[in-house]
Amino acid sequence: EAGVVQSPRYKIIEKKQPVAFWCNPISGHNTLYWYLQNLGQGPELLIRYENEEAVDDSQLPKDRFSAERLKGVDSTLKIQPAELGDSAVYLCASSQEGDSGANVLTFGAGSRLTVL
Amino acid sequence: AQKVTQAQTEISVVEKEDVTLDCVYETRDTTYYLFWYKQPPSGELVFLIRRNSFDEQNEISGRYSWNFQKSTSSFNFTITASQVVDSAVYFCALSEAGGANNLFFGTGTRLTVIP
């Protein structure tokens, strides 16, 4: 079974440029998460989807970040315009069920963004 | 508010030594879940274990063991007879029941096993 697939693995851009990350979750997983991981830190939730619906986006900086999950499968996270402080790893994860603290998340390898 | 503290930033051990990674958590919920994830150099977080707040039994899986103590709000992870392949960053995480499946991670402990 394929795991959570993310692309690109690495991206280097100039500040003020746009960037997009793509995630394909495990087949059958209804819940999809985007996490931000700064260097030397643990991941922090940006947004959580239940199928197509964003049920928790309280930590997403909506002035420059946007996300979508059309058809409840793949998801895209966009940053426009990127700032130097956005340099980090963006992790996508998925799980089978929604509202339960017991869910085990399966993570992708992440997309490492460097903003120059 | 939830909080997970991993006070050990980096640990180095020589191969075959035992090592314990500490995790202390804070939560006001009576029902919660604790996790350990491993992040090898490849970057992908790998699930190791989940424990719910009502199950304080220690668990052993091969060379790995976990000690959950509610009295001290700790969920420590021990690797016995460490191997080079155990070198990674290990994260402890907390999730509260009741509607929001949000994992709160600690800052991680980088383990280096020296051959």
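Proteins come first, then strands; the chains are lettered A, B, ... in the order of their sequence lines, and each starts at number 1.
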Contact origin within A/Gln37 toward chain B - heavy atom pairs under 4.5 Å = side chain

Engaged part of A/Arg112 at the chain B interface, taking heavy atoms whose separation is under 4.5 Å | neither

What part of B/Gln39 is in contact with chain A, defined as an atom under 4.5 angstrom from a non-hydrogen atom: side chain, backbone, both or neither?
-> side chain

Side chain, backbone, both or neither: which part of B/Tyr37 has a heavy atom under 4.5 Å from chain A?
-> side chain

Say whether [X] and [Y], considering side chains only, have a donor N or O and an acceptor N or O under 3.5 Å apart.
{"X": "A/Gln41", "Y": "B/Thr107", "result": "no"}
{"X": "A/Asp56", "Y": "A/Ser58", "result": "yes"}
{"X": "A/Ser94", "Y": "A/Thr106", "result": "no"}

B/Gln2 atom CD: more than 12 heavy-atom contacts under 6.0 Å = yes

